Colleague: 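I am attaching a structure below and will ask some questions about it afterwards.
Each residue takes its place number in the sequence, starting with 1. If you're wondering where the values come from, they're calculated on a predicted model, not measured in any experiment. Below, each value reflects all heavy atoms present in this structure, side chains not excepted, and no hydrogens, waters or symmetry copies.
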Amino acid sequence: GNNYTYEEHRAIIQAVSDQNGPQVIKALIHLGKYDLARDTENDTLVFNRLQGMLEKSSDAVEKAVLHSMLGELYMQYYQKDQWQIRQRTELQGYIPSDMKEWTRNIFYDRVVEHMEASLAEREHLEKEKVSTFAAVVDEGKDSRSYYPTMYDFLARRAIEQYGQLTGDEDLSRTLAGKQIAPESLFAPAERYVQLPFNPQPGEYNLMLFECYRKLMVSLMERGLSRSVLLTELDKLESLSGLQPAYGTSALPSLENMLQ
């Protein structure tokens with residue numbers, strides 16, 4: 001969980017300052033996140049170091065993990081000061097060099113850019129087992145039997161960040177623009193994966209559902225049906241805000257899964 005110890009946190013900071021790719025990957029798998037709030041005096045330094053590692057790296061897994069971390073850190077940086085950031089008029093087509101002047105959309109665009117880059121090498125990441133990079137801590141409560149590859153690990157990290165891309169955009173309206181009925185988000189996996197979300201820049205509220213779709217496609221191709229089911233349950237939970245569709249569709253959707 002998120003209540004890891006100071007020593008564990010030092011380990012990930014150390015790995016980043018040493019520019020040690022394999023240690024960064026290992027620490028991230030163990031911790032699940034890099035908590036920027038514990039490292040405020042270093043926050044811009046961390047961005048620069050990760051960016052520097054990314055530019056030097058030629059390893060696909062390492063690059064994907066660094067992108068994933070950067071996406072998460074931009075999200076954390078935004079959330080830490082979101083009350084102030086949201087007071088600013090959004091800047092279009094221009095990005096100040098100083099992050100302290102960025103507006104919400106710039107942070108969100110960075111989150112999306114890095115999370116998408118972290119999943120770009122799908123075929124390669126599907127061949128890489130999480131256990132290669134970090135020993136399994138506790139087999140019993142370990143999700144790796146369901147999500148064994150680095151693609152799964154990184155897709156689930158992206159899903160976690162995309163679930164936090166909240167704004168004033170109304171999901172039902174965005175869906176209507178794509179001619180997608182809200183009810184169809186509750187469809188069984190084999191129908192859900194056909195939905196044409198095709199998010200355009202700025203359609204932040206579709207990123208979560210597109211990422212669920214991509215992960216389901218990958219799991220279905222690998223024949224991991226129990227993992228698909230888990231992912232569907234996860235998605236169902238994230239739809240609870242979509243009213244009135246949730247009220248009428250959630251239970252039938254769940255009953256359908258359990259057959």
Colleague: Which heavy atom of Ser172 sits nearest to which heavy atom of Leu242, and what is that distance?
Modeller: OG-CD1, 3.7 Å
Colleague: Quick one: pull up CZ in Phe133 and CG in Leu28 and give me the separation to the nearest 0.5 Å.
Modeller: 12.5 Å
Colleague: Give every donor-acceptor pair under 3.5 Å between a side-chain atom in residues 245-259 and any protein atom, sequence neighbours left out.
Modeller:
from	atom 1	to	atom 2	distance (Å)
Thr248	OG1	Ala245	O	3.1
Ser249	OG	Ala245	O	3.1
Ser253	OG	Phe186	O	3.2

Colleague: What's the separation between atom CG in Leu215 and atom CG in Asp234, rounded to the nearest 0.5 Å?
Modeller: 9.0 Å
Colleague: Taking all heavy atoms of Gly163 and all of Leu208, pick out the closest pair and write down the distance.
Modeller: N-CD1, 4.0 Å
Colleague: Please enumerate all residues that pass ring-ring contact (aromatic ring centres under 6.0 Å, His included) together with Tyr147, with sequence neighbours excluded.
Modeller: none
Colleague: Sequence neighbours left out, what passes side chain to side chain donor-acceptor pair (under 3.5 Å) with Gln23? Give chain and number order.
Modeller: none
Colleague: Return the set of residues passing side chain to side chain contact (heavy atoms under 4.5 Å, CB included) with Ala64 (not counting sequence neighbours), or none when no residue passes.
Modeller: Leu125, Leu154
Colleague: Looking at Leu185, is its backbone amide N or carbonyl O close enough to the side chain of Lys235 to form a donor-acceptor pair, meaning the two atoms are under 3.5 Å apart?
Modeller: yes
Colleague: Only one of Val65, Leu54, Val111 clears side-chain contact (heavy atoms from CB on, under 4.5 Å) with Leu70; which?
Modeller: Leu54
Colleague: List the steps, then state whether side chain to side chain contact (heavy atoms under 4.5 Å, CB included) holds for Arg49 with Leu66.
Modeller: CA-CA 10 Å; Arg49 282 187 176 146; Leu66 291 167; over 6 Å; no
Colleague: Is there side-chain contact between Tyr192 and Tyr212, with heavy atoms separated by less than 4.5 Å?
Modeller: yes
Colleague: What pairs with Arg86 under salt bridge (Lys or Arg N to Asp or Glu O under 4.0 Å), at least two apart in sequence or on another chain?
Modeller: none
Colleague: Looking at residues at least two apart in the chain, or sitting in another chain, which of them share a side chain to side chain donor-acceptor pair (under 3.5 Å) with Arg213?
Modeller: Glu210
Colleague: According to salt bridge (Lys or Arg N to Asp or Glu O under 4.0 Å), who are the partners of Lys214, at least two apart in sequence or on a separate chain?
Modeller: Glu116
Colleague: Does Arg122 have any side chain to side chain donor-acceptor pair (under 3.5 Å) partners at least two apart in sequence or in another chain, and if so, which?
Modeller: Glu126, Glu221
Colleague: Near Glu123 CD, under 6.0 Å, is it more than 12 heavy atoms from other residues, nucleotides or ligands?
Modeller: no
Colleague: Nearest 0.5 Å please: distance from the SG atom of Cys211 over to the CE atom of Met216.
Modeller: 10.5 Å
Colleague: Hey, would you say the Phe47 and Tyr74 ring centroids sit under 6.0 Å apart?
Modeller: yes
Colleague: Using a 4.5 Å cut-off on heavy atoms from C-beta on, say whether the side chain of Gln82 contacts that of Phe107.
Modeller: no
Colleague: Closest heavy-atom contact between Val228 and Ala189?
Modeller: CG1-CB, 3.5 Å
Colleague: Any side-chain to backbone donor/acceptor pair from Glu62 onto Ser58? Under 3.5 Å, distance only.
Modeller: no
Colleague: Can you list the steps and then say if Thr149 with Val130 is a side chain to side chain contact (heavy atoms under 4.5 Å, CB included)?
Modeller: CA-CA 5 Å; Thr149 74; Val130 177; 5.6 Å; no
Colleague: Would you compute the distance between atom CG of Leu119 and atom NE2 of His67 and round it to the nearest 0.5 angstrom?
Modeller: 10.5 Å
Colleague: Give every residue pair that meets the side chain to side chain donor-acceptor pair (under 3.5 Å) criterion with at least one member in residues 174-189, sequence neighbours excluded.
Modeller: Thr174-Asn205, Lys178-Glu203
Colleague: Looking only at non-hydrogen atoms, find the nearest pair between Ser68 and Met115 and report the distance.
Modeller: O-CE, 3.1 Å
Colleague: Under 4.5 Å between any side-chain heavy atoms of Leu165 and Met75, yes or no?
Modeller: yes
Colleague: Restricting to non-hydrogen atoms, name the atom on Leu175 and the atom on Pro182 that form the minimum distance, rounded to 0.1 Å.
Modeller: CD1-CA, 4.0 Å
Colleague: Which pairs, with at least one residue in residues 101-111 and sequence neighbours excluded, count as a side chain to side chain donor-acceptor pair (under 3.5 Å)?
Modeller: Glu90-Arg104, Thr103-Asn105, Arg104-Glu169, Asp109-Tyr204, Arg110-Glu113
Colleague: Tell me the closest heavy-atom pair linking Tyr162 and Met207, and the distance in Å.
Modeller: CD1-O, 3.5 Å
Colleague: Spell out, as yes or no, whether a donor-acceptor pair under 3.5 Å connects the side chain of Glu121 to the backbone of Ser118.
Modeller: no
Colleague: Which pairs count as salt bridge (Lys or Arg N to Asp or Glu O under 4.0 Å) when at least one residue sits in residues 66-79, sequence neighbours excluded?
Modeller: Glu72-Arg157
Colleague: Quick check against the 3.5 Å criterion: does Asn48 have a side-chain atom that pairs as donor or acceptor with the backbone of Leu45?
Modeller: no
Colleague: Can you confirm whether Leu239 sits close enough to Phe209 that some side-chain heavy atom of one is under 4.5 Å from a side-chain heavy atom of the other?
Modeller: yes
Colleague: Does a side-chain heavy-atom distance below 4.5 Å link Asp59 with Pro22?
Modeller: no
Colleague: Can you list everything that forms a side chain to side chain donor-acceptor pair (under 3.5 Å) with Ser238? Sequence neighbours excluded, please.
Modeller: none
Colleague: Between Tyr77 and Lys100, does a side chain to side chain contact (heavy atoms under 4.5 Å, CB included) hold up when you go through it step by step?
Modeller: CA-CA 10 Å; Tyr77 191 97; Lys100 295 184 169 46; 3.5 Å; yes
Colleague: Is there a side-chain contact between Ile29 and Met150, using heavy atoms and a 4.5 Å cut-off?
Modeller: yes
Colleague: I need the Leu230 CG to Leu219 CG distance, nearest 0.5 Å.
Modeller: 9.5 Å
Colleague: Mind running side chain to side chain contact (heavy atoms under 4.5 Å, CB included) on Tyr146 and Asp152 for me, showing each step along the way?
Modeller: CA-CA 9 Å; Tyr146 294 104; Asp152 308 323; over 6 Å; no
Colleague: With rounding to the nearest 0.5 angstrom, report the CD1 to CD1 distance, Ile12 to Ile25.
Modeller: 11.0 Å
